[in-house]
Amino acid sequence: MKRIISVLVENKAGVLSRTAGLFARRGFNIESLAVGETEDRSVSRMTIVAKGDERTLEQVEKQLNKQIDVIKVRMLPAETATRRELVLVKVNADQQNRGGIIDIASILNAKIVDLSHATLTVELCDRPEKVDLLLEMLTPYGIAEVARTGMVALQKGSEAIRTI
Amino acid sequence: MITGAQAMVESLIQEGVSTVFGYPGAAICPFYDALRSSGIGHILVRSEQNAGHAASGYARITGRPGVCIATSGPGATNLFTAIATAYMDSIPLVVITGQVETRLLGRDVFQEVDTTGAAEPFTKYSYLVREVQEIPRVFKEAFHIASTGRKGPVLIDMPVDVQQQSLQFAYPASVDIRGYKPRFKGHPVQVKRVAQAICAAKKPLLCVGGGVHAADAAERVRRFCEQCGLPAVSTLMGIGVFPSEHPLYFGMLGQSGFRSANRAVEESDLLVIIGARVGDRAVKAPSALEQATEVVHIDIDSAEIGKNLGATIPLVGDAGAVVEQLCDQKPSGAWEGWLSHLRELREQEPRPYTEKPGVVDPRRLVETLSEKMEPDAVYVADVGQNQLWSARYYRARGGRFLTSGGMGTMGYALPAAVGAKLAAPERQVVAVCGDGSFQMSMMELGTAVQHGVDVKLVVVRNNRLGLVREIQQNRYGGRETAVDLSGSPSACGIAAAYGIPAWQASDNGSLGQAVEQLLRTKGPALLECLVDPKEATE
């Protein structure tokens, strides 16, 4: 089972290592972790995608909550969240196959952001499934390099996760 | 304006600290210089690890955080075993370590180690103080975090230059940490559900753990059991919540516990666990237990509930507060048959006393000690066979039983006893250790002598690492490896070198007299008891 966990933490040194350490120490499986400042500069949001059974995920939530620097923990069911991930893919591309790659990018609403004699770099910001699909479609061309940010997510609608 | 070091000392004074345990070094010298004229007593230990254990013993008796101090690098790393020991047993400590100058941090200079980073997995929280103005807030928060919620060690790493800078000192009146608001009272709906479950149970059983001591709630828990006639067992850390002879108490459970207590757990239809984390030595097969029994789990740390054992009813809160809430619900039931069955089980408990020439029966030793000690005395058990004999045969009569439960740290007893005695000079304090654990912290006899700390030490001597030997006997085909302690000094000889009176007991007949003599002696004293190396822990 996969879960998106949105965590508001104090924006200060050591918090990221404490949180990452917690996952390593307790043997929790983490698929991605994205972190950045929020509307309040003293607070960072970590978006963690964790894998495990019901009991493990409950432990993940409780252990996160137990951290002094963790202000709020919220599980976000995928269907109630707006989810995005940014990917940059450098694909091997010569004059013959460039067109095919551009077609794939255009169908998936991805952008070509860099070009060289031997490669094309494609950028996509979308749901992680779409990112996976893009990578799958580009694989036959030979992927030279990939950089993914990990997923960030906000819950849909007007409700927000606040620090108070 | 005062210096950072003076601010550290002033913060300790503001927190009501009167005794600290430590070992100085270059990076913590400004603090030591400020401590000189502060009126705070400093106990100089002989190894940093023991400063942590002594602070732990002190904290467990006072209920307030124990304070220990070491320098950077090896001073800090030597403390780690003690910090981890306190973390596992939820003992409040404020640990202060010196650190290299802030401008040199991360450059691998002399005696530099990433103290906060390395201690992270076994501290409740830690600070690396880079700005001198932060000192009052950091200290206020550290004491608050260590002593509230699930208690534990908090580390403050103090670069030496920060100790030397100046600040305008004002100690904050309160703490506001937005990510840390521990729940104290139990949720009323859950409390009602627990009370109803108790009423509905035919064979309910309460299991008390160290959380009851941490909440200073032993009396309230006993009153609750007496009010509703509810039987109880305890974990290793919960020993002493009930006097051993209490009619509703059925002993310690677990791998080293009483068969009757384990049977009681197996046969119960409702197990109410309070302030215990269901460790593997207490409950071997939690998945089987949760299927056979309804479980109520009461703990101040919600992460403990459901971690090792699934709970039918979780209840988060302070053991004392929750028990008061439960008392108000006045649960009751017709449990007479269940109680008389438990009494029968208790009477069938085997008592495998031994009578051999030239050696003492360790079971009788522990019983004799706990009978002859004053009722409110503190008994500190070390780790090894001596711990298991102590846990099983200690007769609680209103005193405290301290031991390293979660970590099982050898060498804990003597320094922890020193701390306990300083916390309660009017109470008798006895440490019991094996000859292995004695040699891990015997240098602390020097601390006891130097500071006139009246601790009594019993060394159970079998010239073996007895518990490891037992494991090798039972599970490794009897092949004994590296458990022979030949070459050990005479414990009495070591005591003599420190100018401490000491005796040896080598038969059951002279045990009573030897124990009386030990307890009667003023100041630190030692009793060495010879025990058969083949003696098993049952």
Side-chain angles (χ1 to χ4, degrees), chain A residues 1 3 5-30 35 37-46 48 50 52-75 160-164, chain B residues 84 87 90 102 105-106 114-131 134 137-138 141-142 144-146 148-155 157 175-183 277 286-287 290 297 299-311 314 316:
Chain A
M1 204 168 27
R3 229 10 116 60
I5 313 168
S6 190
V7 190
L8 296 180
V9 301
E10 296 288 347
N11 183 10
K12 58 186 185 194
V15 181
L16 180 61
S17 84
R18 272 199 193 104
T19 312
L22 170 73
F23 276 81
R25 214 161 50 239
R26 302 228 173 237
F28 299 147
N29 280 320
I30 197 168
V35 56
E37 269 181 17
T38 63
E39 70 283 0
D40 174 351
R41 289 195 59 184
S42 71
V43 177
S44 295
R45 182 189 301 271
M46 287 184 184
I48 299 170
D53 57 23
E54 191 65 46
R55 198 155 171 170
T56 308
L57 290 168
E58 187 191 310
Q59 262 296 302
V60 169
E61 184 179 6
K62 285 175 164 178
Q63 292 291 348
L64 282 169
N65 257 320
K66 196 170 148 174
Q67 299 290 310
I68 310 281
D69 287 325
V70 168
I71 304 162
K72 194 153 266 181
V73 181
R74 187 73 66 84
M75 295 287 189
I161 307 169
R162 295 198 189 283
T163 50
I164 22 163
Chain B
Y87 184 74
S90 309
T102 41
L105 278 169
D114 174 11
T115 305
T116 49
E120 197 271 317
F122 43 82
T123 43
K124 185 172 172 186
Y125 197 61
S126 59
Y127 298 88
L128 170 58
V129 182
R130 288 168 181 273
E131 305 289 338
E134 290 178 355
R137 176 186 59 82
V138 164
E141 286 184 2
H144 175 71
I145 293 170
T148 53
R150 179 176 182 177
K151 297 174 183 180
V154 176
L155 187 139
D157 201 21
V175 170
D176 182 27
I177 307 167
R178 54 186 166 178
Y180 181 67
K181 305 270 188 261
R183 190 173 181 100
R277 60 190 177 85
S287 48
E290 71 188 45
H297 198 165
D299 204 284
I300 195 146
D301 179 1
S302 75
E304 283 306 338
I305 302 173
K307 187 178 85 178
N308 298 332
L309 178 71
V316 179

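Naming: A, B, ... by sequence-line order, numbering from 1 per chain.
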(message) Below 4.5 Å, heavy-atom pairs only: which of B/G117, B/S126, B/G149 has the largest tally toward chain A?
(response) B/S126
(message) Below 4.5 Å, heavy-atom pairs only: which of B/K307, B/R178, B/K181, B/E304 has the largest tally toward chain A?
(response) B/R178
(request) Considering only NZ, NE, NH1 and NH2 on the basic side and carboxylate oxygens on the acidic side, decide whether A/K12 and B/E134 come within less than 4.0 Å. (result) no
(request) Tell me, out of A/Q67, A/E58, A/Q63, who's got the most heavy-atom pairs with chain B below 4.5 Å. (result) A/Q63
(message) What part of B/T116 gets within 4.5 angstrom of chain A, counting heavy atoms only: side chain, backbone, both, or neither?
(response) neither
(message) Need one label for B/L128: side chain, backbone, both or neither, based on atoms under 4.5 Å from any heavy atom in chain A.
(response) neither
(message) As a quick check of understanding, evaluate side-chain contact (heavy atoms from CB on, under 4.5 Å) for A/N11 and A/E37, giving each step before the final call.
(response) CA-CA 7 Å; A/N11 183 10; A/E37 269 181 17; 3.3 Å; yes
(message) Under the salt bridge (charged side-chain N to carboxylate O under 4.0 Å, His left out) definition, can you give me all pairs with a residue in residues 115-125 of chain B, not counting sequence neighbours?
(response) A/R25-B/E120
(request) Please assess B/R150 against B/S90 for the test side chain to side chain donor-acceptor pair (under 3.5 Å), listing each intermediate value before the final yes or no. (result) CA-CA 6 Å; B/R150 179 176 182 177; B/S90 309; 2.9 Å; yes
(message) Distance alone, cut at 3.5 Å: any donor-acceptor contact between the side chains of B/E141 and B/Y125?
(response) no
